[in-house]
2 protein chains.
Amino acid sequence: MKIAEVSEKYGISTDTLRYYERVGLIPPVPRNGSGIRDYGDTEAKRIEFVKCMRNAGLPIEVLIEYFDLAQQGDATLAARKALLTEQRDLLLARIAELQATLDLLNYKIEVHVNALLKNEREIAWVED
Amino acid sequence: MKIAEVSEKYGISTDTLRYYERVGLIPPVPRNGSGIRDYGDTEAKRIEFVKCMRNAGLPIEVLIEYFDLAQQGDATLAARKALLTEQRDLLLARIAELQATLDLLNYKIEVHVNALLKNEREIAWVED
DNA sequence: ATAACACTTGGAGTCGACTCCAAGTCAAGG
DNA sequence: CCTTGACTTGGAGTCGACTCCAAGTGTTAT
């Protein structure tokens, strides 16, 4: 798969894909005879995972660290688990915060709806 | 309340508080005789709301628009409701995404835990 | 075979949201 | 009176994460 196809498939710009490779978030992608990137399944899986994690706000730095550890084999299993757990906990806390804001937003909307209804009644009364 | 106290109370830097005022996210704060900001309850409430919304990722621009509308009175009630509803829906979608990533993260952690347990068993077997 | 087009590179530019800085003013304590 | 320390201003700098650009090479269709 060429870069344009990968970009299309995952909704990530070609610039971003190359950028990820540059900073080490994705390992060097294999090239065909004329130096053009040829993404395979391994790459695709990695990209999908990165997309998901980035979308949830995990910093690029953290992901790089994770992949660096993974690349060192079983000796780093515990460290990787710790890293993932930390990010999981941060995410959990984040979700709780967003949920709280969601509740507030819903309450505010409710208030606006009520105000609108009240206005309608008053207009009806005036026009009667 | 002086700016340092507000900063302390809400965990927002004085720089950020002044920045918010500059860009119109908070209306001009009243000053005492010598030009120093004196925050009151109205200001505090606004700051708290802004903090909550910003924390949930609502862009500054959107919040400014909301306050601009609010300042124009009842005629903008419907517009404000629409704005809030749009942001609420975005937030809802965001939470769902984060939840999906959370699930994936939990699964990954599980995989690591299993690998660790397997290693332990192997070590035990070697050392027996 | 020549135009059109996807790909390559390194480096510069952009964006939102702060964050820091220099230079100055003012109130209070020793 | 003089220092200390919190406050003021406008403007510049930083950060993470892209995003864009110029200049060049390779592939494909007419």
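The sequence lines fix the lettering, A, B, ..., with proteins before strands; numbering per chain opens at 1. Computed from a prediction, not measured in an experiment: that's the story for all the values here.
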J.: What do you reckon, is CG of A:D41 surrounded by more than 12 foreign heavy atoms closer than 6.0 Å?
T.: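 Atom CG in A:D41 is not crowded, with 12 or fewer foreign heavy atoms closer than 6.0 Å.
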J.: Under 3.5 Å, which donor-acceptor pairs link side chains of residues 60-68 of chain B to any protein atom two or more places apart or in another chain?
T.:
none

J.: Under 3.5 Å between N/O atoms: give me all the protein pairs with nucleotides 16-18 of chain D, atom names plus distance.
T.:
{"from": "D:dA17", "atom 1": "OP1", "to": "A:R54", "atom 2": "NH1", "distance (Å)": "3.4"}
{"from": "D:dC18", "atom 1": "OP2", "to": "A:Y20", "atom 2": "OH", "distance (Å)": "2.9"}
{"from": "D:dC18", "atom 1": "OP2", "to": "A:R54", "atom 2": "NE", "distance (Å)": "2.9"}
{"from": "D:dC18", "atom 1": "OP2", "to": "A:R54", "atom 2": "NH2", "distance (Å)": "3.3"}

J.: Please report, to 0.1 Å, the donor-acceptor pairs under 3.5 Å made by any side chain of residues 20-36 of chain A, with sequence neighbours excluded.
T.:
{"from": "A:E21", "atom 1": "OE1", "to": "A:R37", "atom 2": "NE", "distance (Å)": "2.7"}
{"from": "A:E21", "atom 1": "OE2", "to": "A:V29", "atom 2": "N", "distance (Å)": "3.0"}
{"from": "A:R31", "atom 1": "NE", "to": "A:V29", "atom 2": "O", "distance (Å)": "3.2"}
{"from": "A:R31", "atom 1": "NH1", "to": "A:G35", "atom 2": "O", "distance (Å)": "2.8"}
{"from": "A:N32", "atom 1": "OD1", "to": "A:S34", "atom 2": "N", "distance (Å)": "2.9"}
{"from": "A:N32", "atom 1": "OD1", "to": "A:S34", "atom 2": "OG", "distance (Å)": "3.4"}
{"from": "A:N32", "atom 1": "OD1", "to": "A:G35", "atom 2": "N", "distance (Å)": "3.4"}
{"from": "A:N32", "atom 1": "OD1", "to": "A:I36", "atom 2": "N", "distance (Å)": "3.2"}

J.: Among residues two or more places apart or on two chains, list those pairs meeting side chain to side chain donor-acceptor pair (under 3.5 Å) that have a residue in residues 76-92 of chain B.
T.: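 Pairs touching residues 76-92 of chain B that pass the test: A:N106-B:R88, B:T76-B:R80.
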J.: For nucleotides 7-9 of chain C, tabulate all protein N/O to nucleotide N/O atom pairs closer than 3.5 Å, reporting atom names and distance.
T.:
{"from": "C:dC7", "atom 1": "OP1", "to": "A:A4", "atom 2": "N", "distance (Å)": "3.4"}
{"from": "C:dT8", "atom 1": "OP1", "to": "A:R37", "atom 2": "N", "distance (Å)": "2.7"}
{"from": "C:dT8", "atom 1": "OP1", "to": "A:R37", "atom 2": "NH1", "distance (Å)": "3.1"}
{"from": "C:dT8", "atom 1": "OP2", "to": "A:R18", "atom 2": "NH1", "distance (Å)": "2.6"}
{"from": "C:dT8", "atom 1": "OP2", "to": "A:R37", "atom 2": "NH1", "distance (Å)": "3.3"}
{"from": "C:dT9", "atom 1": "OP1", "to": "A:R31", "atom 2": "NH1", "distance (Å)": "3.4"}
{"from": "C:dT9", "atom 1": "OP1", "to": "A:R31", "atom 2": "NH2", "distance (Å)": "3.1"}
{"from": "C:dT9", "atom 1": "OP2", "to": "A:R37", "atom 2": "NH1", "distance (Å)": "3.0"}
{"from": "C:dT9", "atom 1": "OP2", "to": "A:R37", "atom 2": "NH2", "distance (Å)": "2.8"}

J.: For the pair A:L17 and A:Y10, evaluate side-chain contact (heavy atoms from CB on, under 4.5 Å) and give the outcome as yes or no after the intermediate values.
T.: CA-CA 10 Å; A:L17 286 170; A:Y10 295 105; over 6 Å; no
J.: When clusters are formed from ILVMFWY side-chain contacts under 4.5 Å, directly or step by step, what else is grouped with B:L77?
T.: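 Besides B:L77, the cluster holds A:L116.
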J.: Would you find a donor on one side and an acceptor on the other, under 3.5 Å apart, between the side chain of B:S7 and the backbone of B:I12?
T.: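 Here the side-chain-to-backbone pair exists.
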J.: Specify the separation, in whole Å, of atom CG of B:L17 and atom C1' of D:dA6.
T.: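 Computing the B:L17:CG to D:dA6:C1' distance gives 15 Å.
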J.: Do NZ/NE/NH1/NH2 and the carboxylate oxygens of A:E5 and A:K9 come within less than 4.0 Å?
T.: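 Salt bridge between A:E5 and A:K9, a charged N being under 4.0 Å from a carboxylate O: no.
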